[in-house]
Engineer: 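Please find one structure pasted underneath; my questions will follow.
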Amino acid sequence: MTYPTYTPQCVLITGATGGFGKAFAKRFANTGAKLILHGRNEEKLNALAVEFSVPVYPLLFDICDKQNTIDAMNAIPEEFQDIDLLINNAGGALGLDKIQDATLEDLENMIEMNDTSLVRITRLVIAGMTKRKRGHVINIGSIAGNWPYGGGHVYCAVKAFVKQFSLAMRPDLQGTNVRVTNIEPGMAETPFSLARFKGDREKADAVYANTAPLTAEDIAESVFWAATLPEHVNINSLEVMPTKQSFGPLIVERD
Ligand code: 8X3
């Protein structure tokens with residue numbers, strides 16, 4: 001028996017010029033889907049857009065700018081408006097300092113980048129999905145939303161928000177046929193750590209040294225699997241770790 005699959009026709013990927021984003025774009029371009037590729041760097045975005053033979057609409061805006069987001073989303077041309085897969089991938093971590101040492105700017109920016117912007121974009125896209133009774137929102141969460149770690153504070157919290165937001169939308173979407181999934185990657189070798197450590201290459205490389213981290217392609221495969229299951233199947237959340245990563249003990253302070 002051949003297992004039935006769903007083929008997304010029009011895929012919007014936020015943060016498409018980053019490590020995961022590019023891998024997602026390649027994975028879905030292979031199926032012939034139209035791509036809306038979001039980024040905030042025009043040069044990088046245009047360079048990425050010409051890599052594919054499928055129709056591509058480059059969507060340029062800063063996710064932290066509300067009006068810029070609304071204007072850019074409203075300007076999506078008609079032939080790209082029937083988005084049936086939104087991959088909320090933009091975001092990231094800023095710093096790994098203890099909460100008492102982190103800057104207010106980094107803390108607030110992480111909330112804006114990972115949560116406020118994700119809610120905004122989801123709200124702008126999901127109304128059309130519910131009207132068409134066709135669509136899937138895939139959020140890129142993190143194991144950080146499930147497993148707290150030192151220096152993770154706000155990053156762990158924003159990803160916990162993404163998980164709960166993903167789950168809590170599901171009852172609202174009953175009767176609309178719209179699916180929601182939270183994919184929760186563990187350590188994956190991408191520019192994530194370089195951004196977290198503000199360009200400190202040595203610190204970023206040390207995160208992935210002498211082990212076997214996930215790759216962007218591993219996560220693209222997970223996203224692709226969840227997105228191409230038949231429409232009656234909803235993956236609520238999917239946590240993915242490298243085999244060489246697992247859980248640490250709780251820490252105990254002793255005198
Ligand atoms: C990235 C995974 O383990 O660095 O979301 O927080 S981790």
Side-chain angles (χ1 to χ4, degrees), residues 13-24 63-64 87-99 101-103 106-119 121-122 137-167 180-224 226 235-251:
I13 303 166
T14 68
T17 59
F20 282 164
K22 273 187 198 167
F24 300 161
I63 52 166
C64 294
I87 307 176
N88 276 317
N89 165 64
L94 298 170
L96 193 61
D97 294 327
K98 291 183 177 175
I99 184 65
D101 299 323
T103 67
D106 279 353
L107 301 181
E108 289 177 6
N109 280 343
M110 277 193 281
I111 298 171
E112 187 79 14
M113 282 160 54
N114 291 284
D115 290 342
T116 312
S117 65
L118 181 142
V119 169
I121 293 165
T122 302
V137 178
I138 298 190
N139 291 327
I140 304 304
S142 169
I143 59 162
N146 301 329
W147 306 100
Y149 57 83
H153 43 77
V154 168
Y155 183 66
C156 294
V158 294
K159 290 301 190 178
F161 176 103
V162 173
K163 182 186 190 106
Q164 195 61 4
F165 178 57
S166 306
L167 293 174
V180 186
T181 299
N182 191 40
I183 304 280
E184 303 160 0
M187 184 175 60
E189 189 162 5
T190 66
F192 171 85
S193 289
L194 197 61
R196 166 171 259 175
F197 295 119
K198 320 271 173 70
D200 185 329
R201 169 64 62 189
E202 217 173 300
K203 274 192 188 168
D205 287 350
V207 174
Y208 311 115
N210 306 318
T211 188
L214 297 170
T215 64
E217 287 69 32
D218 295 326
I219 298 306
E221 211 49 43
S222 305
V223 169
F224 186 79
I235 302 298
N236 293 336
S237 49
L238 180 68
E239 188 180 75
V240 188
M241 278 185 187
T243 310
K244 290 183 190 260
Q245 180 179 40
S246 61
F247 323 101
L250 294 175
I251 53 174

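Every number for a ligand or one of its atoms is a count from 1 in the order of the listing. No hydrogens, no waters, no symmetry mates; every other heavy atom, side chains included, goes into these values. Each residue takes its place number in the sequence, starting with 1.
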Engineer: List ligand 1's nitrogen or oxygen atoms that come under 3.5 Å of a protein nitrogen or oxygen, with the partner atom and distance.
Structural biologist:
unit_1	atom_1	unit_2	atom_2	d
ligand 1	5 (O)	Ser142	OG	2.6
ligand 1	5 (O)	Tyr155	OH	2.7
ligand 1	6 (O)	Tyr149	OH	2.6

Engineer: Can you give me the closest heavy-atom contact between Ser142 and Lys159, atom names plus distance?
Structural biologist: CB-CG, 3.6 Å

Engineer: Can you list everything that forms a side-chain hydrogen bond (donor to acceptor under 3.5 Å, both in side chains) with Asp205? Sequence neighbours excluded, please.
Structural biologist: Arg201

Engineer: If a pair satisfies salt bridge (charged side-chain N to carboxylate O under 4.0 Å, His left out) and one of its residues is in residues 181-194, list it, with sequence neighbours excluded.
Structural biologist: Lys163-Glu184

Engineer: Where do Leu107 and His153 land on the side-chain contact (heavy atoms from CB on, under 4.5 Å) test, with the steps shown first?
Structural biologist: CA-CA 9 Å; Leu107 301 181; His153 43 77; 3.5 Å; yes

Engineer: Can you confirm whether Tyr149 sits close enough to Leu96 that some side-chain heavy atom of one is under 4.5 Å from a side-chain heavy atom of the other?
Structural biologist: yes

Engineer: Going by the rule salt bridge (Lys or Arg N to Asp or Glu O under 4.0 Å), which residues pair with Lys198 if we only count those two or more places apart in sequence or in a different chain?
Structural biologist: Asp106

